[in-house]
Amino acid sequence: MKLETSRVTKLLKHDNDIERTVLHSLVHFPEAREDIKKLAEEDFYLLDNKDLFILLRDFIGSGIKFDVHTVPDNIKTNKTYLAVFSSRSDILKVLWKSYLKKLKDISAKRKLQQLVAMYCQKL
C-alpha cells in the first residue's frame with residue numbers, strides 16, 4: 001500500500017524572500033561574496049533564483065571585482081536580477097550571515113522532505 005505523498009512534494013519548504021535577500025547580498029555586498037562557496041544550486045528552490053545564483057557564482061568565481069554598476073550584461077538580463085537589484089535594505093549588510101544560515105536551514109528541510117517523499121513512495 002502506497003502512502004499519499006502528493007501533499008509532501010507539493011509543499012516543499014522554500015522562502016522566496018530569503019532566497020532573494022541572499023542574492024541581493026551577493027550583488028550589493030563584496031564581503032558577502034566571500035561566502036559564496038557555502039552555497040549550492042540546490043539551496044535555491046525557485047528556478048529564476050537558482051539561475052541568477054549560477055550566473056553570480058560563476059562570475060564571482062572568475063575573480064573579477066565588480067559592483068552593481070559593472071555587473072555583466074548576461075547577469076543584468078536575468079529577470080530576477082532586476083528585482084534583486086532594485087530591492088533596498090540597509091540592514092542586510094549587517095545580517096548577511098543570518099540570511100545565509102536561514103537559507104541553508106530551509107534547504108536542509110526541503111531535502112529531508114524530498115527523502116521522506118521518496119521513502120513513502122517505495123512503501
Side-chain angles (χ1 to χ4, degrees):
M1 175 180 167
K2 282 193 174 187
L3 296 174
E4 179 60 43
T5 59
S6 63
R7 290 172 71 192
V8 173
T9 55
K10 283 183 185 174
L11 303 173
L12 287 176
K13 185 84 173 142
H14 70 283
D15 187 328
N16 187 39
D17 291 335
I18 293 296
E19 289 185 17
R20 289 199 173 179
T21 299
V22 168
L23 292 168
H24 174 96
S25 298
L26 292 172
V27 168
H28 288 277
F29 310 134
E31 54 276 359
R33 297 175 198 150
E34 297 169 10
D35 288 330
I36 197 160
K37 291 182 174 133
K38 295 178 181 178
L39 294 167
E41 294 173 34
E42 300 79 33
D43 293 329
F44 296 88
Y45 177 77
L46 298 170
L47 186 57
D48 291 340
N49 295 344
K50 186 180 293 200
D51 288 344
L52 180 57
F53 168 73
I54 291 167
L55 289 170
L56 288 169
R57 180 198 60 200
D58 293 347
F59 188 65
I60 291 168
S62 73
I64 299 171
K65 303 286 185 205
F66 71 97
D67 60 30
V68 295
H69 304 292
T70 59
V71 172
D73 288 339
N74 66 324
I75 294 175
K76 286 181 181 178
T77 57
N78 177 282
K79 62 183 174 180
T80 303
Y81 176 79
L82 288 176
V84 167
F85 173 76
S86 63
S87 64
R88 295 205 37 122
S89 179
D90 298 328
I91 198 165
L92 290 177
K93 194 172 194 174
V94 177
L95 298 175
W96 154 246
K97 298 274 187 192
S98 65
Y99 289 116
L100 174 69
K101 183 184 179 319
K102 199 174 272 191
L103 179 64
K104 295 299 282 184
D105 289 346
I106 291 168
S107 177
K109 288 175 184 175
R110 184 171 57 248
K111 288 173 188 169
L112 284 173
Q113 281 182 291
Q114 291 168 326
L115 287 172
V116 168
M118 286 178 12
Y119 176 77
C120 290
Q121 288 177 347
K122 291 181 181 182
L123 293 179

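We're numbering straight along the sequence, starting at 1.
- Contact between H14 and Y45 at its shortest, heavy atoms only, is CG-CD2, 3.3 Å.
- Across every non-hydrogen atom of D15 and D17, the tightest pair is OD1-N, 3.0 Å.
- Note: N16 CG to L46 CG = 5.0 Å, rounded to the nearest 0.5 Å.
- Under the 4.5 Å side-chain heavy-atom criterion for Ile, Leu, Val, Met, Phe, Trp and Tyr, I18 and L95 are members of the same hydrophobic cluster.
- The shortest heavy-atom contact between K104 and K38 is NZ-O, 3.0 Å.
- Take R33 and apply the side-chain contact (heavy atoms from CB on, under 4.5 Å) test, not counting sequence neighbours, and it matches P30, I60, F66.
- Smallest separation of non-hydrogen atoms from L103 and D43: CD1-O, 3.3 Å.
- In terms of hydrophobic clustering, with Ile, Leu, Val, Met, Phe, Trp and Tyr side chains grouped at heavy-atom distances under 4.5 Å, L47 and L56 are assigned to different clusters.
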Quick one: do I54 and R57 satisfy side chain to side chain contact (heavy atoms under 4.5 Å, CB included)? Show the steps, please. CA-CA 5 Å; I54 291 167; R57 180 198 60 200; 3.7 Å; yes

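- The CG atom of L100 sits 7.0 Å away from the NZ atom of K97 when rounded to the nearest 0.5 Å.
- Remark: K111 NZ is packed, more than 12 non-hydrogen atoms of other residues, nucleotides or ligands lying under 6.0 Å away.
- Ring-plane geometry between F29 and H24 is classed as perpendicular, the angle between the planes exceeding 60 degrees on a 0 to 90 degree scale with a lower cut at 30.
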Begin from the C-alpha positions of F53 and L26 and carry the test side chain to side chain contact (heavy atoms under 4.5 Å, CB included) through to its verdict. CA-CA 9 Å; F53 168 73; L26 292 172; 4.3 Å; yes

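- With salt bridges taken as basic N to acidic carboxylate O contacts below 4.0 Å, one links D105 and K101.
- When every heavy atom of A32 is checked against every heavy atom of S25, the shortest pair comes out as CB-O, 3.6 Å.
- Separation of atoms NZ (K50) and CG (L55) is listed at 13.5 Å; rounding is to 0.5 Å.
- Using a 4.5 Å heavy-atom threshold, the side chains of V71 and F59 count as separate.
- One finds no salt bridge joining E42 and R110 here, because no Lys/Arg side-chain nitrogen approaches an Asp/Glu carboxylate oxygen to under 4.0 Å.
- Sorted by first and then second residue, the side chain to side chain donor-acceptor pair (under 3.5 Å) pairs involving residues 69-81 (not counting sequence neighbours) are D67-T70.
- Contact record, V84 with L23: CG1-C, 3.6 Å, taken as the closest heavy-atom pair.
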